[in-house]
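As the structure lists them, so they are numbered: ligands from 1, and atoms in each ligand from 1.
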Amino acid sequence: MELNFDYCGFKKSELFTKDYQKKIKEIHLKLHQADHSAGTTWVDWPVNYNKGELILTQKLANQIKENSDALLVVGIGGSYLGAKAGIDMLAKRSKVEIVFAGTNLDFSDLNGKLESLRDKDVTVNVISKSGTTIEILATLNIIERFMKNKYKMAYKSRMIFTTDKNKGYLRERANAEGIQTLTVPDNMGGRYSVLSAVGLLPFAVAGISVKKILEGAGKAFEDLFEESIELNPAYQYAVYRHYAYKRMYKKIEIYSSFSTKFNSFGFWLQQLFCESEGKEGKGLFVTPLAYTTDLHSVGQFIQQGTPILTETFFEVKKPLRDSTISNVPLGSPIKFLDGKTINDVCEAAFDGTVKAHADARVPIVILSIDEINEFNFGYLVYFFELACATSAYLLEVNPFDQPGVEQYKTYMKENLKNS
Ligand code: PA5
């Protein structure tokens with residue numbers, strides 16, 4: 001993975017000031033302390049993950065591959081977006097279809113999904129750290145009816161709850177009814193949990209190598225263990241975001257990609273940054289954009305609208321697949337593309353977009369990877385978790401709580417109890 005600051009609109013050395021280095025040193029110590037109670041279990045997870053749990057996860061994945069056509073994953077927010085990001089980026093042709101539910105309160109959406117599973121063998125993985133989230137428990141209620149109709153009381157052997165080790169409704173039910181469980185580790189919030197069973201079970205079922213994902217994250221842990229900003233790209237990126245926000249008055253950060261494989265990853269990033277940083281009246285609002293689709297809609301705003309944007313481009317050096325444009329007839333407006341590949345065209349679009357947005361003085365960082373694969377996914381997940389927690393600490397907010405989300409959950413429950 002490489003970060004290119006050539007188009008960021010200021011000298012990279014401005015990221016290496018004594019003041020920033022002092023703050024980063026404090027943050028580095030805070031993140032790497034042995035006591036994880038602040039919410040930092042994810043920090044050394046790539047090297048200290050629970051090996052027994054990983055073996056169990058793989059065993060369950062193999063069982064599901066043998067006895068199911070579909071894995072119905074029920075989760076929301078951090079209990080959904082990371083798994084969805086990995087599946088959409090990495091999933092190969094797999095015997096078992098992964099279907100996500102519980103991500104909204106639109107019954108017609110759920111009903112459509114259940115209809116499509118009517119004649120299939122299904123395993124259900126309910127993911128909720130708290131075990132109290134209304135969307136999840138309401139969806140589970142409907143899904144249990146569906147499963148009971150299908151498998152009678154044997155349906156419970158087709159349920160897996162991924163939840164807190166000791167507490168919460170799902171844990172209590174699992175203990176009482178003998179339902180199989182996996183664990184969301186202590187002091188690991190939903191948005192930082194993708195490298196735990198939360199993401200790893202759906203990945204393993206989809207035929208994605210969880211070993212390679214963890215290897216990639218482990219390499220990132222090693223590479224990014226440096227407290228020097230100059231030697232640590234995650235700290236450089238966090239400082240860059242702080243500089244863009246504080247000194248350049250940017251309010252929105254765009255994650256742009258020309259590969260649709262990054263679409264869901266962008267939504268995981270949106271949650272990671274918005275929920276970690278967006279408090280006490282601070283933080284960059286993060287939004288993913290899919291190019292070239294969005295260049296034909298919001299591209300105009302990026303170049304000539306209110307100058308509040310900063311942009312990070314994802315660049316993948318080696319495309320997954322490519323094809324050559326050939327036999328273009330004389331007189332066609334794309335005759336000059338004859339013999340070029342779709343990726344040649346995409347590269348021209350990429351370079352042209354970076355140039356146009358840089359001309360419009362949008363500060364730009366380009367994050368490049370050689371190719372899309374499990375190792376790089378694990379590397380990127382860890383890179384962004386570290387950059388995000390560091391960014392939040394630079395803003396002097398707690399990266400690991402979400403008081404706003406909790407307030408919405410409380411109000412919703414009060415409304416329902418009083419109605
Ligand atoms: O990242 C977070 O902490 C949140 O987005 C939660 O993951 C989300 O609210 C779902 O919570 P739970 O896993 O407890 O059902």
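Of all protein heavy atoms, the one closest to atom 10 (C) of ligand 1 is I76 O, 3.3 Å. Scanning the protein for heavy atoms near atom 2 (C) of ligand 1, the closest one is E275 OE1, 3.2 Å. Atom 13 (O) of ligand 1 has its closest protein heavy atom at S79 OG, 2.6 Å. Given atom 9 (O) of ligand 1, the protein heavy atom at minimum distance is K409 NZ, 3.1 Å. The protein heavy-atom contact nearest to atom 14 (O) of ligand 1 is S130 OG, 2.6 Å.
Remark: side-chain polar atoms of N111 are not paired, donor with acceptor, to backbone N or O of F107 under 3.5 angstrom. Side-chain atoms of W45 come within 3.5 Å of backbone atoms of L195 as a donor-acceptor pair (strictly under, hydrogens ignored).
Among the candidates T310, V362, L309, the single residue satisfying the side chain to side chain contact (heavy atoms under 4.5 Å, CB included) test with K250 is T310. Applying the salt bridge (Lys or Arg N to Asp or Glu O under 4.0 Å) test between R191 and each of E275, E385, E277 identifies E275 as the sole match.
Remark: K148 is not positioned above the aromatic ring of Y151, lacking an NZ or CZ atom under 6.0 angstrom from the ring centre and at most 45 degrees off the axis. For R241 and F273, the positive end sits near the middle of the six-membered ring, less than 6.0 Å away and at most 45° from its axis.
Which parts of ligand 1 touch G78 is read off a 4.0 Å heavy-atom cut-off, strictly below it: atoms 1 (O), 4 (C), 5 (O), 6 (C), 7 (O). Which parts of ligand 1 touch S128 is read off a 4.0 Å heavy-atom cut-off, strictly below it: atoms 12 (P), 13 (O), 14 (O), 15 (O).
Taking the six-membered ring where tryptophan is involved, the planes of F383 and Y237 are tilted, since the angle between them lies from 30° to 60°.
Residue contact check for ligand 1: E135 places no non-hydrogen atom closer than 4.0 Å to it.
Among E406, Q402, Q271, the residue whose heavy atom lies closest to atom 5 (O) of ligand 1 is Q271.
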